[in-house]
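Take a look at the structure below.
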Amino acid sequence: MTEASLFQQINDYANRANPYPLYAELRKTPVLREPDGSYLVSSYRLITALLHDPRLSSDVRKRSPEDPKAKTALANPYPVPFLRLDPPDHDRLRRMVSRQFGPPHTPDMIDNMKGELVQIVNGLIDGFEGKTRIDIVDDFAYPFPVTVICKLLGVPQEDEARFHVWAEAIVASLDPQPKASGHDGPMNVQEALKEIGQYMSELIDARRKQPGEDMLSRLINDDGPEGQLTPMDLVTTSVLLLIAGHETTVNLLTNGVLTLLRYPDVLERLRKEPELAVSLVEELLRYEPPVQFNSQRTAIADITVDGVTIPKGSPVYLMLAAGSRDPERFPDPERFVPDREDNQHLGFGSGIHYCFGAPLARLEVQIALNILFGRVINPRLVLDPPPYRQNAVLRGPRHLPIDIDGVKT
Ligand code: HEM
């Protein structure tokens with residue numbers, strides 16, 4: 001039997017709880033060719049350079065038509081979301097959507113949500129009363145960002161059970177080896193894309209007839225300098241925002257709770273200095289990033305980096321989590337330093353696809369960690385490591401049971 005490649009080991013569910021020693025191994029060959037012809041890039045310097053290189057495309061349809069990811073993308077009847085597009089279409093759509101998501105057109109949008117975020121978090125923690133064991137994922141870190149993105153977009157929260165199944169299937173399709181753990185996969189991604197697309201079109205029709213204060217209504221009616229979004233682009237963009245708006249934040253928040261319970265001295269410090277949450281969340285994004293690598297990039301020309309030529313057409317994996325622990329960029333990178341200075345991590349990517357929701361995600365997690373640890377009494381980890389989600393790309397615990405002695409009102 002041939003030995004598993006480093007990438008196969010990273011994708012192996014058995015290594016999900018701690019992939020970081022594998023990333024350290026990977027960085028010894030910063031541009032590594034896998035037996036299947038794809039390339040892994042793992043140093044901070046090269047990842048950053050490639051995230052700014054127009055020869056590296058985010059559009060898998062530019063791969064050969066036999067490539068499985070290209071096939072799926074080509075068969076999808078809806079247009080590709082801007083996350084998966086290159087300029088000029090990416091830039092145009094991102095500009096149009098950004099008008100409703102912050103400066104300069106809606107400068108106070110995120111800041112104005114603070115009161116509501118605090119209220120949602122407190123409501124969830126009120127629900128812990130009378131319990132001695134809670135699951136941070138199911139009881140807190142998942143419902144919080146879902147509620148927020150539903151309110152923001154104007155998606156009825158009572159539909160969560162429906163869109164959760166579709167979101168899971170779409171997110172699973174990012175995983176290079178979705179069935180590596182032997183678990184049954186969720187529903188087929190094509191079916192999920194179709195169903196969530198139909199669901200969103202119906203919602204958009206309803207908002208068109210009866211607009212509300214939500215982002216969906218504003219996107220439908222916005223008539224900016226570049227005109228209106230087409231009905232198809234509206235569907236694709238709102239699906240992107242709905243999924244990207246919670247599938248990553250749940251992991252950052254859960255990783256935050258886990259890390260703080262592993263570092264009680266840091267937790268004590270946070271309780272005394274709530275303003276520490278700002279730099280602490282940045283360090284979490286570096287140390288335990290919810291997006292471990294970009295799995296959809298393709299070289300659209302021969303690209304030579306550090307003496308290695310990545311041939312045109314090759315899939316390229318940018319190993320963000322490896323780059324964020326690169327000792328050539330960060331001193332003492334394997335240590336969690338909540339007030340680390342010069343912390344330009346790759347947790348939100350870099351370049352033209354830099355996370356669109358970063359200001360919201362940061363605020364959500366800063367608020368949630370402060371309120372949670374200000375209110376729960378004597379929280380203790382039940383399992384360390386906890387069970388992880390299958391996904392190697394969007395990595396995070398599936399459950400995080402903790403014991404508590406009660407909650408402060
Ligand atoms: C902790 C939470 C989050 C993390 C770690 C995260 C991470 C990322 C990363 C790494 C990218 C770059 C992907 C690439 O280069 O291909 C990205 C892009 C994106 N994110 Fe996030 N994200 C988070 C939360 C959010 C939220 C709350 C939203 C929406 C409200 C959002 C919407 C997006 C969108 C639309 C893009 C595509 C941007 C583009 O292509 O121009 N994200 N995110």
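One-based numbering, in listed order, for ligands and for the atoms of each. On a predicted model such as this, the values are computed, not experimentally measured, just so you know.
Close contacts of ligand 1 with I149, meaning ligand atoms under 4.0 Å from a residue heavy atom, involve 30 (C). Residue L240 approaches ligand 1 through these ligand atoms, each under 4.0 Å from one of its heavy atoms: 35 (C). The ligand atoms of ligand 1 that sit less than 4.0 angstrom from a heavy atom of N294 are 13 (C), 14 (C), 15 (O), 16 (O). Taking every non-hydrogen atom of A361 and a distance limit under 4.0 Å, the qualifying atoms of ligand 1 come out as 1 (C), 2 (C), 24 (C). Each of the atoms 41 (O) of ligand 1 lies under 4.0 Å from some heavy atom of I352. Below 4.0 Å from some heavy atom of G349 lie the following atoms of ligand 1, by number and element: 10 (C). Taking a cut-off of under 4.0 Å to the non-hydrogen atoms of F101, the atoms of ligand 1 that pass are 30 (C). Atom numbering of ligand 1 starts at 1 in the shown order; those under 4.0 Å from a heavy atom of L252 are 1 (C).
Around atom CD of E275, more than 12 heavy atoms belonging to other residues, nucleotides or ligands sit under 6.0 Å away. With a 6.0 Å radius and a threshold of 12 heavy atoms from other residues, nucleotides or ligands, E191 has its CD atom above the threshold. Atom NZ of K69 has more than 12 neighbouring heavy atoms from other residues, nucleotides or ligands inside a 6.0 Å radius. Heavy-atom neighbours of Q228 CD from other residues, nucleotides or ligands within 6.0 Å: above the threshold of 12.
For ligand 1, one of its N or O atoms has an N or O atom of H353 under 3.5 Å away. Residue R94 places at least one N or O, backbone or side chain, under 3.5 Å from an N or O of ligand 1. Polar contact with ligand 1: absent for R84 (N/O pair, distance under 3.5 Å). Annotation: H90 places an N or O atom under 3.5 Å from an N or O atom of ligand 1; distance criterion only.
Proximity of V365 to ligand 1 is not established, as no heavy-atom distance is less than 4.0 Å. Between V148 and ligand 1 there is no heavy-atom distance shorter than 4.0 Å. At least one heavy atom of G347 sits less than 4.0 Å from an atom of ligand 1. Ligand 1 lies less than 4.0 angstrom from a heavy atom belonging to R297.
Taking the centre and axis of the six-membered ring of F330, the NZ or CZ atom of R286 falls inside the cone set by 45° and 6.0 Å. In this structure, R325 forms a cation-pi arrangement with Y20, its terminal cationic atom sitting closer than 6.0 Å to the ring centre and no more than 45° off the ring axis.
Here V291 has side-chain heavy atoms under 4.0 Å from ligand 1, and that is the only part of it that gets that close.
Nearest to atom 28 (C) of ligand 1 by heavy-atom distance, out of P359, P290, G357, is G357.
Between D233 and T236, the side chains place no donor N or O within less than 3.5 Å of an acceptor N or O (distance only, hydrogens not considered). Checked by atom type, the side-chain pair R375/N122 shows a donor-acceptor distance below 3.5 Å. In summary, the side chains of D59 and S57 do not present any donor paired with an acceptor at a separation below 3.5 Å, with no hydrogens or angles considered. Under 3.5 Å, the side chains of Q157 and T147 contain a donor-acceptor pair of N or O atoms.
Under the 4.0 Å criterion applied to side-chain N and carboxylate O atoms, R95 and E226 are assigned as salt-bridge partners. Salt-bridge formation is not detected for the pair D326/R329: no Lys NZ or Arg NE/NH1/NH2 atom is positioned less than 4.0 Å from an Asp or Glu carboxylate oxygen. Of the charged side-chain nitrogens involved, none lies within less than 4.0 Å of a carboxylate oxygen, so that R84 and D89 do not count as a salt-bridged pair.
Between Y199 and W166, the angle of the ring planes lies from 30° to 60°, which puts this pair in the tilted group.
Counting only heavy atoms of the protein, atom 4 (C) of ligand 1 lies nearest to F348 CE2, 3.5 Å. Remark: minimum distance from atom 20 (N) of ligand 1 to any protein heavy atom is reached at C355 SG, 3.2 Å. Of all protein heavy atoms, the one lying nearest to atom 25 (C) of ligand 1 is A244 O, 3.4 Å. What sits closest to atom 24 (C) of ligand 1 on the protein, heavy atoms only, is T248 OG1, 3.3 Å. In this structure, atom 37 (C) of ligand 1 lies nearest to the protein heavy atom L83 CD1, 3.6 Å. Counting only heavy atoms of the protein, atom 34 (C) of ligand 1 lies nearest to F356 CB, 3.5 Å.
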